[in-house]
Amino acid sequence: KHAFRVIEPKVNPSEANPFKNSLYNGIRTKSERFVDCSYSLILIYPITHKELKSPENDLHLPSVRIAGDDEPPESATVIDTTKMIATTAVATTPAALPPPPPPRRHKYRGGFSTSICSLFRDPTRRNDCCALACCGILSSDRNRYLLTKELPPPWYKRVGLNIGLPLFLLLVTYFEPTLSILLWVTIIALISRAILMRKWFRDEVIARVYLEEHGEDSLAEFSARESLVRMYNCDTICAHLTCGCYNNDGVFAADYSDLENDENNEGRDMCSCMWRIFSELCCCCGCWIQCCGMCAIGQEEREMNALVPKSERLFDYITFEPYEEYFPKIEQLRHMGNGSFFAHVRTLSQLSIKLLKGLGVILGCLFVFALTDIDASFTVLNMLVLLATFFQAFFILYLVHWKWNRFDVSLDAVVKYFSCGFILSISLALVFEMIVNIVVGLIAVIIFMMTVMSDADALSQTDPLELGKRVLQNSSWVAVLYVFLEAFVVAALTEELCKYFGFWMVEHPDFMTRDELCFLDPAHEEVQVPSNTDDDDDDDERNNIVSNDSAGNNTIMSSGEGKNNELERGSERSVDSIGKGITVAMVATGLGFACCENLGYVFAGQAGTTTKVGSELCVLFARSLFPIHPLCAAIQSIGVCRRDLEGDKSFQLGRIIFPAVLIHGFFDFVLMVIAVLGELETMENEKENADANVSSDNVSECASLLSQAPSLFVGFVFVIIGAVFYVTQSRAQTARLKAQEIAKQSIMDGGIALMPLT
C-alpha cells in the first residue's frame with residue numbers, strides 16, 4: 001500500500017480545497033460505482049464536467065499530478081481528469097509502484113486452494129452451508145453446470161430412479177422375500193453410480209485447476225491428462241464415498257500463517273472456535289471422516305467460485321435461471337412503487353413458480369386423499385387443520401412483508417426464503433438434533449449411573465422402571481439438568497443455527513450490490529413490467545422515472561398500501577431499506593421452519609388421541625400464540641445487519657445467534673421443566689392416591705391442566721421479553737442506519753465520498 005500526495009495544481013487557500021482529506025480506499029462517484037485500484041490512498045473527484053464547472057464548485061481542473069510519499073515531485077504522474085471523469089475510472093498506477101503480490105495460500109492435493117475439511121473452518125461461508133443441505137445434491141448440480149454447462153436430469157427421473165425403484169423392489173420383497181437380494185444389488189448399483197459420477201466431476205475439476213496454473217498446453221495430450229487423473233485416483237474415490245475416510249490434508253498450526261490475510265478468519269468468536277474444534281474431531285487416525293461426500297462437494301464449490309467469474313455465477317439453484325432474466329423486472333416494479341399483488345406475482349422467477357406449483361399440487365393431492373376416506377385418521381376436517389397451519393404462517397408473513405415492507409424485499413425472495421426454511425433448514429435440524437441428542441443422552445446416562453452408584457437404596461431395586469422413578473424422585477436435579485441440555489443445546493442452539501444457515505444459503509439479487517449485478521444498467525431499467533393499471537398510465541409513470549433519473553433527482557416514486565416512502569440516490573436502495581429486507585428474509589425463513597415443525601406437532605404428535613381434530617386445533621392454537629421461531633429469527637437479523645450493514649466485524653456467528661439462543665432456550669426450558677416437575681409430583685402422589693382409593697385418572701387430568709397453565713404463562717412472558725428486546729434493538733439500529741445514510745448523502749452532495757471501502 002502506497003500513499004499519494006497532490007503536487008499540482010495549487011489551490012487558492014481562499015477557495016474550497018477539493019483535495020483536502022480526499023485520500024481514501026478507492027473512488028465512489030455519485031453513481032455509486034466503485035472504481036477499483038491497487039493502492040489504498042487515491043484522489044476522489046466529482047463525476048461530470050457539469051459539476052466541475054458549476055458556480056458552486058468553480059473547480060475546472062484539467063489535470064493533476066500525483067506522486068508517492070517517497071518520490072520527488074519531478075517523478076509525479078500526470079492524470080488527465082477530463083478523461084478520467086468521462087470514463088468514471090482512474091488512470092493506472094505508476095509503473096514504479098507495482099501492485100502488492102497476492103497472499104500466499106497453501107495448496108492441497110489436486111491443486112485445491114482449501115482443505116477438504118474446510119467445510120468446518122468458517123461457518124459463515126455460503127458455499128459450505130449449501131454443501132450441507134440435501135447431502136450436497138444442489139451444490140453438486142451447480143458445480144457441474146458451471147463446469148460443463150449441462151443441466152441435471154429432471155427431478156421426476158431422479159425420484160423415480162433413486163427412490164421409486166427401491167421402494168417398488170421393497171414392496172416386491174414384502175410378498176416374495178427371496179427377491180431381497182435384488183433389492184440390495186439395486187441399492188449398491190445406485191450408490192456406485194453416484195460415486196462414479198462425482199468422481200468423474202472431481203477429475204474434471206482437478207484438470208481445470210491444473211490448466212489454470214500451467215497453461216492450456218500443459219494437458220494437450222490425452223496421456224498427460226490420464227496420468228494426472230491416475231495420480232489422484234485414490235483421493236477422488238475416497239472423497240465421495242457414502243461413508244468413508246479421506247487422508248488428512250488439513251491446515252494445522254504450522255500452516256495457519258498462510259491464511260492470516262483471509263478476511264473470513266478475522267474476528268473469530270466462541271462459536272467459530274467450537275466449529276473448528278468440531279472439525280478436529282472429524283479427524284481420526286490421520287483421516288477425515290466423510291459422509292455423502294459433503295466435504296468434497298464444498299471443496300469443489302469453493303474451487304469453482306475461484307475458477308469461474310462472478311458474472312457467470314449469477315443464477316438460481318435448481319432451475320439455473322440467470323438473475324438478469326427476472327431481477328430487472330423486480331427492480332423496475334420497486335422503482336415504480338407498484339403495489340399490485342398480481343404485478344409482483346408476474347415477476348416471480350422460475351424457481352419460485354415451481355415451488356408454489358409444487359405446494360399447490362401436494363395440497364391438492366392431500367385434499368383428494370381426504371375425500372376418499374382411505375385413511376379414517378385423515379379426513380376433510382384434518383385437511384382443514386392442515387390448511388389452517390399454513391394460513392397461520394402466511395398471515396404473519398402477510399403482515400411482516402406485504403403490509404409493512406413490501407418494497408424492501410421482493411415477493412420472489414420471500415418465497416425462496418420461506419421454502420428454504422420449510423425444506424432445507426428443517427431437514428438439517430432433524431439430522432443435527434439426532435446427532436446432538438445422542439451425545440446429550442450419553443452424558444445423561446453417565447450422570448444417571450453415577451447417581452445410582454451413590455444411592456444404596458436404589459441399588460436394591462431390581463425393576464429398571466422403579467429404579468428410574470426412585471432416582472428421579474430422590475435426585476430431581478438430574479432431570480432438570482437433562483431438560484436444560486435438551487432445551488439449550490439440542491433445541492435452541494441447533495435450531496437457531498439451522499435457521500441462520502437457511503437464510504445464509506439463499507443468494508438473492510435483492511441483497512447484492514450494483515457492482516456484483518453487472519447486468520443492471522440504464523438499458524435494463526426500462527424493461528416492461530406487467531401491471532394491473534392502464535398501459536398509458538404505466539408509460540407516463542415509467543417516462544417520469546427515467547426523466548427524473550436523468551435530471552439527477554434522488555426521489556423514488558412509490559405508491560400503494562404499505563409502501564416505504566424514502567429518499568434514495570439514483571436507483572440505489574437505502575441502507576435502512578436493505579436492513580428491513582434482511583429482517584423480512586430471516587423472518588420468512590423462521591416462519592417456514594416453524595410451519596413445518598407445527599405440522600409435525602399437530603399431526604404426528606396427536607396420532608394416538610381419541611379426539612384427534614380437537615387436539616390438533618388446541619396444539620395449533622397454543623403454538624400460534626408463541627411464534628418463537630420468527631421472533632428469534634428477527635432477533636438474529638439485528639446481528640446480521642450490525643455485521644453486514646454497519647460494518648461491525650466483532651459480530652460473528654456466535655454474537656449473532658446468542659440472544660436468540662437465550663430467548664429460545666429459556667422458553668423451551670420453562671415449558672419442559674414445569675412438565676417434568678409435574679410428572680415427578682404425579683409419581684410421588686400415585687402411592688398416596690392408591691391408598692386413599694382416589695381415581696388416578698381424575699387426578700392426572702387435573703394435574704395436567706394445572707401444570708400447563710403456569711408453563712404457558714411463563715412462556716408467554718419470555719415471548720414478550722423477546723419482543724421487547726427486538727423492538728428496542730431494532731429502533732436503535734434503525735436510528736444508526738438512518739444517520740449513516742444521512743451522513744453518506746450529505747458527503748455525496750459535497751462531491752466527495754468518504755465512505756470506507758467494503
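With sequence neighbours excluded, the residues satisfying salt bridge (Lys or Arg N to Asp or Glu O under 4.0 Å) with D316 are K416. Remark: C420 pairs with L424, M505, V506 by the side-chain contact (heavy atoms from CB on, under 4.5 Å) rule, at least two apart or across chains. Considering only residues two or more places apart in sequence or on other chains, S410 meets the side-chain hydrogen bond (donor to acceptor under 3.5 Å, both in side chains) condition with D510. The side-chain hydrogen bond (donor to acceptor under 3.5 Å, both in side chains) test applied to T583 returns S637, not counting sequence neighbours. With sequence neighbours excluded, the residues that form a side-chain hydrogen bond (donor to acceptor under 3.5 Å, both in side chains) with E496 are K499, Q636, H664. With sequence neighbours left out, R126 forms a salt bridge (Lys or Arg N to Asp or Glu O under 4.0 Å) with no residue at all. Contacts of E325 classified as salt bridge (Lys or Arg N to Asp or Glu O under 4.0 Å), with partners at least two apart in sequence or in another chain: none. Not counting sequence neighbours, the partners of L397 by the side-chain contact (heavy atoms from CB on, under 4.5 Å) test are V414, F418, A588, L591. For M197, the side-chain contact (heavy atoms from CB on, under 4.5 Å) partners at least two apart in sequence or on another chain are R144, R193. Contacts of E301 classified as salt bridge (Lys or Arg N to Asp or Glu O under 4.0 Å), with partners at least two apart in sequence or in another chain: R142. With sequence neighbours left out, V431 forms a side-chain contact (heavy atoms from CB on, under 4.5 Å) with I435.
The shortest side-chain heavy-atom distance between L314 and M512 falls under the 4.5 Å cut-off. Between H344 and R406 there is a side-chain heavy-atom pair separated by less than 4.5 Å. Residues E516 and F511 are not in side-chain contact: their nearest non-hydrogen atoms beyond the backbone lie 4.5 Å or more apart. For the pair F201 and L147, the minimum side-chain heavy-atom distance is below 4.5 Å. Using a 4.5 Å heavy-atom threshold, the side chains of L497 and L653 count as touching. The shortest side-chain heavy-atom distance between E646 and Q733 falls under the 4.5 Å cut-off.
With respect to the salt-bridge test (charged N to carboxylate O, under 4.0 angstrom), the residues D648 and R643 do not qualify. Here E204 does not pair with R208 in a salt bridge; the nearest charged N to carboxylate O distance is not below 4.0 Å. A salt bridge does not link D576 with R736: none of the charged nitrogens is closer than 4.0 Å to a carboxylate oxygen.
Using modelled atom types, one finds a donor on one side chain and an acceptor on the other under 3.5 Å when comparing S113 with E303. A donor atom on one side chain and an acceptor atom on the other are found under 3.5 Å apart for R302 and T114.
Side chain of S419 to backbone of V415: a donor-acceptor contact under 3.5 angstrom is found.
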Show which side-chain atoms of residues 351-358 pair as donor or acceptor with protein atoms under 3.5 Å away, not counting sequence neighbours.
residue, atom, partner, partner atom, Å
S352, OG, S349, OG, 3.4
S352, OG, D412, O, 3.4
S352, OG, D412, OD1, 2.6

Audit row: F503, Y417, ring-ring contact (aromatic ring centres under 6.0 Å, His included) steps and yes/no: CA-CA 6 Å; F503 163 76; Y417 281 106; 5.5 Å; yes
